[in-house]
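For reference, the structure discussed in these notes is given below.
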Amino acid sequence: MNTSGIHFTKNPKEAARGLARRAIQKLSAEWIAEASEQIAARVLALPAVCDAATVGCYLATPHEVQTRRIVAALLQAGKRVAVPAWHRT
């Protein structure tokens with residue numbers, strides 16, 4: 001580790017993921033909630049989403065922008081929602 005707190009590894013992709021994880025962990029619940037609402041409103045208003053029969057969406061972890069409102073609105077509109085498979089390792 002250097003004085004900036006950045007861990008250097010042989011894999012730059014791994015280092016970038018570590019930086020992103022640490023930044024995400026610092027987001028407040030209030031910020032996540034506000035961002036989630038703004039993003040949901042924008043996504044649900046997109047013509048491509050409105051016109052689609054099937055929409056892909058991730059299921060958020062607690063420290064990510066929440067997608068529950070998006071998924072619920074899509075299902076209520078009769079759309080099929082595709083989510084990535086996930087399992088705890």
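Because only heavy atoms are used, hydrogens play no part in the values below, and waters and symmetry mates are left out as well, while side chains stay in. Just so we're clear, the structure is a prediction, and the values are computed from it rather than from any experiment.
Here the shortest heavy-atom pairing between Cys57 and Pro84 reads O-CD, 3.5 Å.
Panel note: side chain Glu64, backbone Thr61; a donor-acceptor pair is recorded below 3.5 Å. In terms of modelled atom types and a separation under 3.5 Å, the side chain of Arg22 and the main chain of Gly18 share a donor-acceptor contact.
Sparse packing is recorded around CD of Gln76, with 12 or fewer heavy atoms of other residues, nucleotides or ligands lying under 6.0 Å away.
Here Arg42 contributes atom CZ and Glu37 contributes atom CD; the two are 13.5 Å apart, rounded to the nearest 0.5 Å. Here His63 contributes atom NE2 and Arg21 contributes atom CZ; the two are 12.5 Å apart, rounded to the nearest 0.5 Å. For the atom pair Lys79 NZ and Leu74 CG, the distance stands at 7.0 Å (nearest 0.5 Å). How far CG of Leu59 is from CD of Gln66: 10.0 Å, rounded to the nearest 0.5 Å.
Hydrophobic clustering (side-chain heavy atoms under 4.5 Å, transitive across Ile, Leu, Val, Met, Phe, Trp, Tyr) groups Ile39 together with Leu46.
Checking Leu27, Val65, Ile24 one by one against Ile32, the side chain to side chain contact (heavy atoms under 4.5 Å, CB included) holds for a single residue, Leu27.
For Arg68, there are no side-chain hydrogen bond (donor to acceptor under 3.5 Å, both in side chains) partners two or more places apart in sequence or in a different chain.
Ile70 is listed as a side-chain neighbour of Leu44, based on a closest heavy-atom distance under 4.5 Å. Looking only at side-chain heavy atoms (C-beta outward), Thr67 and Tyr58 come within less than 4.5 Å of each other.
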